[in-house]
Amino acid sequence: MGTQKANVYIPDLAVVEDIRVENPYTRTYALRFLDPLLARSFEFLPAQGAMISVFGYGEDSCFFSSSPSSRGKVEVTLPVSRGVSTALTMLEKGNMVGLRAPIGNGLPLEEMRRKRIYLIGHDSGLIPLRSLANYAVDNPTEFERIVVMGSFEEDTQLIFLSELLGVWPGHSIFDVRVFCEHILSPREGIRPGGIGELFDAVEPAPSNSYAVVSGPVPFMRDVVSHLIDRDFRDAQILLLLNRKLNCGFGICGGCKIGDRYLCLTGPVFNMAELRKLPPEF
Amino acid sequence: MNELRMILQREARRLMEAGQVDVVIGYARGPYAWTTAPFFAFNKNDCIHLTVSSFCTQNLSVYLPKVEGRVAIIAKPCDVRTIIELIQDNQVRRENVKILSFRCPGMLNPKVLEEKGVSPDQAGTVSSKDYPEALYDWCRVCIHREPPDADLKGEPRFLFEKTDYPMPADPTTLADRLEKKTPAERLNFWMGEFARCIRCKACMHSCPVYYGGGDQFDSIEGATGENQPAENFKIVLSFVHSLAGKCTECGACESACPVRIPLLALHIPMYRKMQQRYGGYEPGLSYDEVSPLLKAEPMPQIVEGG
Amino acid sequence: MGVSERRLTILGILCEHAGAQAAETAGMEGLIYSPDVRLMRLLCAADIDHLLILNALWEGVDGIFVVGCPTERGYFRGCSELAQRRLQAMKDVLEVAGLPAERFRTLWIEASDGKGFVSFVNSFYEDIKRLGPWNGFRGKGE
Amino acid sequence: MLADVLIVKAKVKYWLEALLDKVEVIVPKFTGTLIEYAPFRRGEEVMLEFKTPVLSPKIFFFPKSERILKYQKRKSAVNVIPAPVETRGRVIFGVKPCDAKALLLLDKQLLRVGAPDPYYQAHRSRTTLVGLGTSQPFETEFSTSVGSSPFGEEGLDMLFYDLGKEFYVKVLTDKGKRLLDDNFTPAEEFHRKTAEEIKARAEAKASYSLNLERWQKYSPLEIFNLPYWSEVYLTCIECGACTFACPTSSNFRIVDVETGSEGERYRVWDAPTFERFAETSAGYNPRLTLKERFRDWVLEKFLFFPLEHKDINCTGCGRCIEVCPVKIDFRKVVGNVRFE
């Protein structure tokens, strides 16, 4: 970061070190940069993304899902859709991908210090939130409390199960609630319900707190109205938007919302900023 | 063509006042000399902007599937044929459409007129009667100057008797000239033309009976990323193949092309081949006869080498 | 073997119900044809995407043939007739464009006719051999 | 102070031929159907009066498809070779002043601080722009009303004024000065005066009131939400001709082309009016309807770009109107906004 690359289009090569299947549609890839210097010096913030390229198929944007404090190795999680994310499933350990990272502004960790953080995510929206949660696991003194509010359509779509049900609840600053709208095979820790039930169970309080929302657009709209009902101020609501990225440095215009580029001043917007932008969200 | 414009305006206004249609799709004067632009008239006062000239190259039936409600549409005979095809394809319902058509004198190429020193002020009146050499290629070969179906058809106020518009003395088109060349020369010609292609998809989006929408220019199955003439040609060939037995030679695609690739020199030979092979079939002339490519009947026997 | 005499590549697109079966029958009867012929099967000959043929030709496949159900006895109702009309139009497009339409051929055959299949493939192969290799468009143009 | 010079029209050809020894020369050419910018070859005649070409010189800086990198796959390893940047000198003759201004606007998009596009940058620095005042603008040209001019000097290295038998040449930069040779003779004061008159006449012609000052009274969001936008897009057929002809649009996509075990990555043009333009790979499309895409394409130029860069992303060349298959008059679309 900071140093200007000679050619912004050229991805850095990274080796796939591990592939973990989160659910039938989602996989986590642990990557290590080929260049040892870069591997050691690479830094990113939670909710920053990368352009991942599978050579022969193109590039697609993705979020880092690992903690920024785990040096040397980064993890990205992608739900399988079309194009690159499908091509990724064909990769094996040891294969190489290209990575242009980090992209975007990331979460304002300084401002979020010693605050209560509500991480509200739906389905694959939890991917960037995991990055912050794991960061909190590594640096528990940074935050007052981390409340993970996971919402899923169906329990076949659950991701990061070991963390949601194992690692995070084991920490004192964490409070993890997972709700599923349709439960096919009940298990402990997963409760039936949607956003309404989730909010009733958690009762988020606005004082000294931040809410980070990520997920599909209708979900985010719902959550925002719930948060506003509970007296959250616009500046306390951080939304992670998802757009098509082509270049990742503010040229192509695919990610443009009004005069803001998602790849430069996004994907994290607070609600106050978003209200000034065209209502495309 | 002034008289025709008055009649169409009056008729559009009448339909509006009678509440028979919600919108009239027609042509209005374009932003600069010669041109016409598609225009949607939503109330009767808008109807005075409607116009018809010898430069209405767009095919307005491309809007029909997108517009809801009852529509009156100003259409050239070749456009009427595409409307019939849209109705055959269940894209449009006949009862929702009022077709305002006319005997077509053929569309003129302003470039040729400008070379002849015709002033753009005459754009409203000039017709193929005066300048048959300015006809577009597809109008040169067109023999269907009368609409196969129209809601005004048969009424005496129709202008332009057929005799007014003799076929151009020289109906040879670029397609004919290309046909005389060897395949290698033809291929070479097209490679040169498609080097200009910018992949804007205007040809595909301006065609009313092509439903592909030009996605092949984007997809990995279609064109490769690099803008090569061969790749552009490939995608356009798939477009031409999709239109076999559907193209009515309305010329919308070629006149839409910003870099003026003569697409009709691909469509016209295909049209002729389909006509020869399938007993003189011409698309869009009747509601009953479907495209031969949709008929599950054995191929008609044709004499090889004839 | 010189560069000009590179091995031919011939793509055979077979319909699941007649073409592929005919090829199978030919195999069982022990009939042979050139190993340069690569076969692929599709559900139906009428379902062939025009881009499949165009892409193959563009990539430098020397010859393409399609084998489908016999006329009026298609596996699906009318599939053979539809396919014949569609592929004939494809041939016309190639001709109009100035591409070698003779490198594209169709056969409509019974599933049990292994001999017919092989004799068609062999004669097509000979014709393509006479025409020489086709280099496609890769790397041509700008 | 750079001296202004004159060149006799007949000598332009010899001047360009002499330049061919050192650099690549691009001139406008009539290629059978269309006037295009194309490489100049020795012995060819040079068009000195021509209609504005449909494709702007943008294609030499931001081409239809630009190779970014080459890769080779060896088992699991991948070798990435960045595409080399071109360094050979190049002169483009006959650049329209509004197109030169457009390149300055493209600079703002493609040469962002910290992340300049290396290919564009290389093309820019190797090219000398020789302008030719717009004598035959498109009838749709409105450059004067968006702060550009048919005889504007921004971005150009030299500017030619047509004085009938000869060209009055304004040398604007050192880059342009280097191109001078003995074909040029010093200019007199009355030449300059004639040139000024020509300029004033052309500017008056290329004007169209866009009423952009009205936009100032409203917030961006108010303009964005106007019901007006659901009326103007109706005739659009969502092709990309306007974007691709536009000398200031820089939308693109990145695609891979693979042959066997190696391949190349290209940067290719894309247009905001295309349905798939803003669609994510997961299938979410923030601008699903044509209304939204059309509004985005217009407002990006006249509202959002000015918010960011304090300049309208339009030079008024009129190409978008000229190439539009359905002749949407973007001057009217922008100028007739109904605020209610």
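Chain letters run A, B, ... following the sequence lines, proteins first and then strands; every chain starts at 1.
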| task | Quick one: closest heavy-atom pair of A:Ser53 and D:Arg265, and the distance? | result |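 It is CB-NH2, 3.1 Å.
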| Where do A:Phe55 and D:Lys73 come nearest, in terms of heavy atoms and distance? |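 For A:Phe55 versus D:Lys73, the nearest heavy atoms are O-NZ, 2.9 Å.
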| Worked check of side chain to side chain contact (heavy atoms under 4.5 Å, CB included) between A:Cys252 and D:Asn251 | CA-CA 4 Å; A:Cys252 68; D:Asn251 305 97; 5.7 Å; no
So, taking the atom named [atom1] in [X] and the one named [atom2] in [Y], what distance separates them when rounded to the nearest 0.5 Å?
| X | Y | atom1 | atom2 | answer |
| --- | --- | --- | --- | --- |
| D:Ile254 | A:Met51 | CD1 | CE | 6.5 Å |
| A:Lys244 | D:Asn285 | NZ | CG | 9.0 Å |
| D:Arg253 | A:Cys247 | CZ | SG | 13.5 Å |
| D:Asp117 | A:Tyr9 | CG | OH | 3.5 Å |
| D:Leu69 | A:Asn7 | CG | CG | 8.0 Å |
| D:Thr280 | A:Asp60 | OG1 | CG | 8.0 Å |

Got more than 12 heavy atoms from elsewhere within 6.0 Å of [atom1], [X]?
| X | atom1 | result |
| --- | --- | --- |
| A:Arg233 | CZ | no |
| D:Lys108 | NZ | yes |
| D:Glu275 | CD | no |

| task | Please determine if D:Glu300 and A:Lys256 form a salt bridge, counting it only when a charged side-chain N lies under 4.0 Å from a carboxylate O. | result |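 The answer is yes: the pair qualifies as a salt bridge.
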| query | Can a salt bridge be assigned to the pair A:Arg260 and D:Glu308 using a cut-off of 4.0 Å between side-chain N and carboxylate O? | reply | no
| Of the backbone (N, CA, C, O) and the side chain (C-beta and beyond), which part of A:Val15 lies under 4.5 Å from a heavy atom of chain D, both, or neither? |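 For A:Val15, no heavy atom lies under 4.5 Å from chain D.
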| query | Hey, is the main chain of D:Phe252 close enough, under 3.5 Å, to the side chain of A:Asn246 for a donor-acceptor pair? | reply | yes
| request: Check whether any side-chain N or O of A:Asp259 sits under 3.5 Å from a backbone N or O of D:Phe304 as a donor-acceptor pair, and report yes or no. | output: no
Give, as side chain, backbone, both or neither, the part of [X] having an atom under 4.5 angstrom from any heavy atom of chain A.
| X | answer |
| --- | --- |
| D:Pro82 | both |
| D:Leu110 | both |
| D:Asp270 | side chain |
| D:Tyr71 | side chain |

Identify which of [options] forms the greatest number of heavy-atom pairs closer than 4.5 Å to chain A.
| options | answer |
| --- | --- |
| D:Ser219, D:Ala278, D:Ala83 | D:Ala278 |
| D:Gly263, D:Ser281, D:Pro272 | D:Ser281 |
| D:Val85, D:Ile223, D:Leu221, D:Leu303 | D:Leu221 |

Report yes if the side chains of [X] and [Y] come closer than 4.5 Å at any heavy-atom pair, otherwise no.
| X | Y | value |
| --- | --- | --- |
| A:Asn95 | D:Val78 | no |
| A:Val8 | D:Pro118 | yes |
| D:Pro220 | A:Leu277 | no |

| said: Is there a side chain to side chain contact (heavy atoms under 4.5 Å, CB included) between D:Ile68 and A:Ile10? Walk through the geometry before answering. | reply: CA-CA 8 Å; D:Ile68 295 174; A:Ile10 304 302; 4.2 Å; yes
| Is D:Arg112 close enough and on-axis enough to A:Tyr261, meaning under 6.0 Å and within 45°, for cation-pi? | yes
